[in-house]
2 protein chains.
Amino acid sequence: MYQRKLAPDIRCPLEYGLELFGGKWKSRIICVLSERETLRYSTLRREMGNISDAVLASTLKELIRDGLVERRQFDEIPPHVEYSLSAKGASVVPILQSICRWAGAYHRQVGEHTPARCQRCDYGPGGEP
Amino acid sequence: MYQRKLAPDIRCPLEYGLELFGGKWKSRIICVLSERETLRYSTLRREMGNISDAVLASTLKELIRDGLVERRQFDEIPPHVEYSLSAKGASVVPILQSICRWAGAYHRQVGEHTPARCQRCDYGPGGEP
DNA sequence: CAGTATCCTATTAGATACTG
DNA sequence: CAGTATCTAATAGGATACTG
């Protein structure tokens with residue numbers, strides 16, 4: 001038998017920060033929201049590509065819990081919900097851009113679905129924004 | 001039945017970059033290596049805290065494959081191996097520091113093993129480096 | 001419209017023992 | 001010394017059906 005779970009690990013703000021906007025979908029959600037003031041759930045889902053509702057909803061909850069995204073609910077008929085970046089969320093965007101710029105120098109096209117260039121901020125091999 | 005695996009996803013350099021230094025251990029390895037010129041495997045392991053050999057070895061392999069870390073083997077008696085950051089690896093350090101600085105403004109101490117301040121670059125609540 | 005609920009799979013992380 | 005091999009555990013990600 002071995003220990004089933006480690007104690008919570010020593011970690012610095014860097015590692016904490018990477019939890020807030022790392023992972024498979026969070027950075028993309030932040031990017032998409034940074035281009036528009038607000039987005040409805042259904043529009044956001046469409047912009048994200050092939051994400052499922054289960055994953056999108058749970059990821060949004062984490063982003064809201066961590067204060068990066070805000071949710072406004074409109075109880076009209078038909079009802080809708082709008083998502084937007086908070087000030088805290090907007091303050092990560094420059095960091096994401098610097099990562100995109102850094103990685104753009106090295107990223108190569110792997111396949112049809114993994115373009116070498118960023119489709120929205122236009123960073124990529126040999127190209128400046 | 002449902003599809004077992006999604007096709008490789010459309011992703012921009014940002015998402016590619018986060019794969020290179022995101023994840024649970026990579027950023028910490030880069031931080032530790034950025035402080036010394038080179039480190040032996042056993043020293044690195046000690047500096048990392050409670051990481052297992054299995055995880056450390058496989059994480060180092062990824063970092064080497066992606067060109068962030070270099071490995072030099074010395075076939076003396078006793079043999080040893082030295083790890084260091086490549087130029088590419090060193091070029092992420094400023095990005096990691098900016099994340100650390102950003103997150104330091106928000107991170108709060110969660111427990112004994114999750115200090116609010118970075119132990120090495122000294123970013124944290126109310127504190128500038 | 002904007003999600004939940006439920007179930008399932010894939011990947012990552014960890015423990016321990018062993019080796020060139 | 002510097003790992004590899006093998007196993008188990010935990011978590012993140014995904015599909016589908018259904019609901020206030």
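Each chain gets a letter, A, B and so on, in the order its sequence line appears, and its residues count up from 1. In this text the structure is predicted, and so the values were computed from the model without any measurement.
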Please state how far atom NZ in A:Lys24 lies from atom C1' in D:dG14, giving the value in whole angstrom units.
9 Å

Looking at side-chain heavy atoms only, is the closest gap between B:Thr38 and B:Tyr83 below 4.5 Å?
no

Assign A:Val55 to base, sugar-phosphate, or nothing according to its heavy-atom contacts below 4.0 angstrom with the strands shown.
base

Counting only N and O atoms by type, is there a donor-acceptor contact under 3.5 Å from the side chain of A:Arg45 to the main-chain atoms of A:Ile51?
yes

Less than 4.0 angstrom between a side-chain N/O of A:Ser52 and OP1 or OP2 of D:dA15, yes or no?
no

In terms of side-chain geometry, is the basic nitrogen of B:Glu15 or A:Arg28 positioned less than 4.0 Å from the acidic oxygen of its partner?
yes

Rounding to a whole Å, what distance do you find between A:Leu60:CG and C:dA2:P?
12 Å

Calculate the interatomic distance between B:Trp25 atom CH2 and C:dT11 atom C1'; express it in whole Å.
17 Å

Which nucleotide in the set D:dA2, C:dA15, C:dT4 lies at the smallest distance from any side-chain heavy atom of A:Ala57?
C:dT4

Distance, rounded to the nearest Å, where B:Arg45 contributes CZ and D:dG3 contributes C1'
10 Å

Whole angstroms only, please: what is the CD-P distance between A:Glu62 and D:dT11?
13 Å

B:Asp53 and B:Tyr41: side-chain donor and acceptor closer than 3.5 Å?
yes

Please state whether the phosphate of D:dG3, meaning OP1 or OP2, lies under 4.0 angstrom from any side-chain nitrogen or oxygen of B:Arg71.
yes

When you look at A:Gln97 and A:Val93, which way does the side-chain contact (heavy atoms from CB on, under 4.5 Å) test go after all the steps?
CA-CA 6 Å; A:Gln97 285 173 336; A:Val93 174; 4.1 Å; yes

Could you tell me which non-hydrogen atom of A:Pro13 sits nearest to which non-hydrogen atom of B:Arg117, and how far apart they are?
CD-C, 3.6 Å

Within the structure shown, what part of the strands sits under 4.0 Å from A:Tyr83 by heavy-atom distance: base, sugar-phosphate, or nothing?
sugar-phosphate

May I have all residue pairs that pass ring-ring contact (aromatic ring centres under 6.0 Å, His included) and include part of residues 53-76 of chain B, sequence neighbours excluded?
B:Phe74-B:His80

Which base sits across from D:dA9 as a Watson-Crick or G-U pair, both distances under 3.5 Å?
C:dT12

Select from B:Ala54 and B:Arg40 the residue whose nearest nucleotide in DNA chain D is closer to the 5' end of that strand.
B:Arg40

Separation of B:Leu39 atom CG from D:dA2 atom P, in whole Å?
11 Å

Mind checking if B:Lys61 touches a base, just sugar-phosphate, or nothing, with heavy atoms under 4.0 Å?
sugar-phosphate

Pick out the pairs of N or O atoms, protein on one side and nucleotides 17-20 of chain D on the other, that lie under 3.5 Å.
none

From NE2 of A:His80 across to P of C:dG3 the rounded distance in Å is 11 Å

Does any nucleotide pair with D:dT4 by Watson-Crick or G-U wobble geometry, both distances under 3.5 Å, and what is it?
C:dA17

Whole-Å gap separating C1' (C:dT12) and CG (A:Leu18):
16 Å

